[in-house]
Amino acid sequence: MDVIEAINKRRAYRSLDQIEITDELIKEMAQAAQLAPSCFNNQPWRLIFVRAPEKLEKMKPALSSGNEWVYQASLIIVVMSRREDDCLIGDREYHHFDCGLAAAFLILRATELGLVAHPIAGFSPKKVRAILGIPEDYHLHTLIIVGRKAETISPFLSEKQIAWEKERPERLPFDKFVFIDQFPTSC
Ligand SMILES: Cc1cc2nc3c(=O)[nH]c(=O)nc-3n(C[C@H](O)[C@H](O)[C@H](O)COP(=O)(O)O)c2cc1C
């Protein structure tokens, strides 16, 4: 699959079927994250692959309302980092940016493997930290929810989420975010 094909194919679907999470599959996704660029090659990302059914069950109370569809996840990947493990340049703390890059690489590889890999912010970092024993100094960026796209719509979805299963949410037109040579005066 070409990169552009993976970019086009990737969707944050919420209707998921369960799949087996093998060590090989985890390795494939981890390798994609491993090759992401990072400031000074600091590689600040740390990933927990949560696949044990009893651990996935424990994660349920950590999900925000509206994310009940995650109950069908086969795998939840916690993406985290510490600020001191990456470049600190003035007010720029690069661990956020670099974890975003690593997550994007991982998500595209999962897409290429025929999976859904859906990042979410709707969770309680405090609860996830307690469930998985994550130290306080790690910043939890996202949970990536992995499964296979189901043919049938998840019963947990709202009307809006059902619409998003069928059609990709609208994107900003180029004139709102692509600027040539200088920042526009009317923005
Ligand atoms: C940082 C981040 C947080 C997100 N949080 C949630 C979430 O909590 N729940 C959810 O259902 N989707 C969440 N999403 C998915 C977005 O809603 C989705 O990517 C967006 O609507 C565009 O749809 P598409 O990815 O299918 O193109 C999140 C995506 C990102 C990148």
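Just so you know, ligand 1 is whichever comes first in the structure, and atom 1 is the first atom listed for that ligand. All figures in this text were calculated on a predicted structure; none of them were measured in a lab.
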What atoms in ligand 1 come closer than 4.0 Å to a heavy atom of [X]?
X: Asn67; answer: 7 (C), 8 (O), 9 (N), 10 (C), 11 (O)
X: Gly122; answer: 8 (O)
X: Arg168; answer: 27 (O)

Salt bridge flag under 4.0 Å for residues Asp17 and Arg148: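 Salt bridge between Asp17 and Arg148, a charged N being under 4.0 Å from a carboxylate O: no.
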Ionic contact status for Arg51 with Asp23, cut-off 4.0 Å: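 Yes.
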Nearest-option assignment for atom 17 (O) of ligand 1, heavy atoms, candidates Arg10, Glu170, Arg14: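 Selected option, by shortest heavy-atom distance: Arg14.
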Short N/O distance, under 3.5 Å, between [X] and ligand 1?
X: Ile120; value: no
X: Gly66; value: no
X: Pro169; value: no
X: Arg11; value: yes

May I ask whether Trp69 has any heavy atom positioned less than 4.0 angstrom from an atom of ligand 1?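 Judged by the 4.0 Å heavy-atom criterion, Trp69 does count as contacting ligand 1.
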Protein heavy atoms: any of them under 4.0 Å from atom 13 (C) of ligand 1?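 Yes, because at least one protein heavy atom sits under 4.0 Å from atom 13 (C) of ligand 1.
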Parallel, tilted or perpendicular, judged at 30° and 60°: which one describes the rings of Phe174 and Phe177?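 Phe174 and Phe177: perpendicular rings.
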One residue to check: His141. Relative to ligand 1, which of side chain, backbone, both or neither has a non-hydrogen atom less than 4.0 Å away?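 It is neither part, as no heavy atom is under 4.0 Å.
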By ring-ring contact (aromatic ring centres under 6.0 Å, His included) - contacts of Trp45 (at least two apart):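 Testing Trp45 for ring-ring contact (aromatic ring centres under 6.0 Å, His included), a comparison that skips the adjacent residues, returns none.
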Qualifying residue for side chain to side chain contact (heavy atoms under 4.5 Å, CB included) with Leu115, from Leu16, Leu25, Ile21: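 Of all the options given, the one that passes is Leu25.
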Check whether any side-chain heavy atom of Leu157 lies under 4.5 Å from a side-chain heavy atom of Trp69, and answer yes or no.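 Side-chain contact under 4.5 Å: yes.
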